[in-house]
Amino acid sequence: MMEIRYFAWLRERIGTGHEVVETKAATVGDLITELKARSEAHAYALSDLGAVRAAVDQTLVGFDAPLRGAREVALFPPMTGG
Amino acid sequence: MMEIRYFAWLRERIGTGHEVVETKAATVGDLITELKARSEAHAYALSDLGAVRAAVDQTLVGFDAPLRGAREVALFPPMTGG
Amino acid sequence: MQEAAFDMGAELTAFSAEATGAGAVVSFSGLTRDTASGDLDAMVIEHFPGMTEKALTAIRAEALARFSLIDALVIHRHGRLAPGDPIMMVATAARHRADAFAAAEFLMDYLKSRAPFWKQEITATGAKWVVPRDEDEAALKRW
Amino acid sequence: MQEAAFDMGAELTAFSAEATGAGAVVSFSGLTRDTASGDLDAMVIEHFPGMTEKALTAIRAEALARFSLIDALVIHRHGRLAPGDPIMMVATAARHRADAFAAAEFLMDYLKSRAPFWKQEITATGAKWVVPRDEDEAALKRW
């Protein structure tokens, strides 16, 4: 079981900020491929991966980051703080 | 007649912050040469020209600046503001 | 991390008073800028609770490690802000000004692109997510 | 130009409130730093009355001309200051942070070496004129 969190327009397009999925994905990239298959909204929200950033257990990572031992994956657009 | 002003350790070494001199010097550099001849204190204060800066009528200038029309020349060490 | 407004001046005075031995104090304050057409009703700042605090703590620690600093301060608001409101602030204190300036720019570059905040502009015509500027990503390459 | 102390925080708040349309406000404050041996009684700042005001006005105008600024502030004290006292302050307001940071650094580089101020450290063993740092002259070459 993996907790998935979405923020900003990714959250809006997918229609929820939080879901729990069964996955055996080895990496963040593999997980995203699985998530895109869940609904048209997911596929649309995650269609441009250049505009998607990821955090595993609240640490920023690349799409090749392994998921072994991870509890939570967050997906969101490029950050606009400051 | 030219008003001469000194600041910081130049003022201390020369022993005054202000004097009035007769001069026909064409440039700041020429004026400094004349001033060095006025006393041993002047010669000592102005011995290291790398540590002397000049302003003519309150504008920073180089030693080659002309004195034609000038009313006042100020000589001082490198500035340490901020 | 706070929802409440803050007084950048009071924060600066307090920060500076505590920075014993500092010769240079730099502050940066980000304000809610109006849209080009001047119709901004509000700016809403979404964040990732938990990760935000971790990111701000890590960015501040990284600045203290990289630069010769006496202290560093990071404040960032979230929630709904009015036009002209302060959004965030960093302050740095060092013996010399080069460290204080560089560390403040470093903190800002990282806060812009590496802390989980997302800005949304609210106008009469709707809500619009702020798009990051290419310069913001490029600025990170300096460090 | 003033002999009186100032409150950097109050100055920053007032400056920022007036800078309509600004998204970025940077401040730099210079404080009287103690000597390496920790025995500073006071810092005395000599200046050239008349030329000082002209130089500060010219430096501020140059910053406004070179950078995309909404406003700029320059405050510099003279006379006798206690350790830890604020000596001077600059603040810049711009739409974007790069202009605000660059202008503040520009103002500082010029104030350090091109405005007629001379600092003297007073300790129990006497008075010592502050020697300019080579970096200060080198910093000017950036602009």
Side-chain angles (χ1 to χ4, degrees), chain A residues 1-21 23 27-29 31-32 35 41-82, chain C residues 1 28-33 43-59 62 74-79 81 86-90 104-121 126-140:
Chain A
M1 305 291 276
M2 185 78 77
E3 309 256 344
I4 315 290
R5 307 199 59 172
Y6 304 107
F7 291 95
W9 55 255
L10 262 162
R11 171 180 54 70
E12 291 178 342
R13 289 183 188 175
I14 286 172
T16 182
H18 178 241
E19 58 188 345
V20 178
V21 301
T23 181
T27 67
V28 171
L31 175 67
I32 291 173
L35 293 172
H42 285 78
Y44 169 55
L46 296 166
S47 57
D48 175 11
L49 291 184
V52 175
R53 302 289 180 269
V56 170
D57 292 335
Q58 305 193 346
T59 298
L60 282 175
V61 296
F63 293 158
D64 57 352
L67 291 183
R68 192 187 162 91
R71 200 189 54 79
E72 178 196 77
V73 174
L75 301 174
F76 40 79
M79 293 152 276
T80 53
Chain C
M1 269 302 305
F28 177 94
S29 307
L31 310 176
T32 310
R33 208 174 52 237
M43 176 85 86
V44 173
I45 299 177
E46 183 170 332
H47 77 119
F48 183 172
M51 179 169 166
T52 314
E53 292 78 357
K54 279 175 62 174
L56 298 190
T57 302
I59 290 167
E62 180 69 20
V74 178
I75 299 171
H76 207 301
R77 292 176 69 190
H78 60 94
L81 279 61
I87 302 172
M88 50 72 60
M89 170 174 186
V90 304
E105 294 201 52
F106 171 86
L107 284 168
M108 284 310 304
D109 287 348
Y110 273 80
L111 280 176
K112 279 271 167 188
S113 311
R114 291 293 183 270
F117 293 102
W118 301 274
K119 291 198 192 107
Q120 194 176 35
E121 293 172 348
K128 188 168 154 269
W129 291 101
V130 171
V131 176
R133 302 163 72 222
D134 289 343
E135 302 97 282
D136 288 336
E137 193 59 37
L140 280 179

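Every chain is numbered from 1, with letters handed out A, B, ... down the list of sequences. Any value given below was found using the heavy atoms of this structure, including those in side chains, with hydrogens, waters and symmetry copies removed.
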Taking side chain as everything from C-beta outward and backbone as N, CA, C, O, which of these in [X] sits under 4.5 Å from a heavy atom of chain A? Side chain, backbone, both or neither.
X      : result
C/V44  : neither
C/R77  : neither
C/I87  : side chain
C/K112 : both
C/M51  : both

Query - Max heavy-atom pair count under 4.5 Å with chain A, selected residue of C/R133, C/M89, C/M108, C/H76 - result: C/H76
**Report entry** Among the listed options C/L107, C/D109, C/L111, C/T52, the residue most often paired with chain A at heavy-atom distances under 4.5 Å
**Finding:** C/L111
Query - Distance-minimising heavy-atom pair for A/E12 and C/Q120 - result: OE2-NE2, 3.4 Å
Report task. Measure across C/V130 and A/T80 and return the closest heavy-atom pair with its distance rounded to 0.1 Å. Result -> O-CG2, 3.5 Å
Report summary line: Turns out that what part of A/A8 lies under 4.5 Å from chain C's heavy atoms comes down to both
Report summary line: NE2 of C/H47 to CE of A/M79, rounded to nearest 0.5 Å, is 14.5 Å
Query raised in the report: Can you say whether the rings of A/F7 and C/W118 are parallel (under 30°), tilted (30 to 60°) or perpendicular (over 60°)?
Result: parallel
**Report entry** Stepwise side-chain contact (heavy atoms from CB on, under 4.5 Å) test for A/F76 and C/E46
**Finding:** CA-CA 11 Å; A/F76 40 79; C/E46 183 170 332; over 6 Å; no
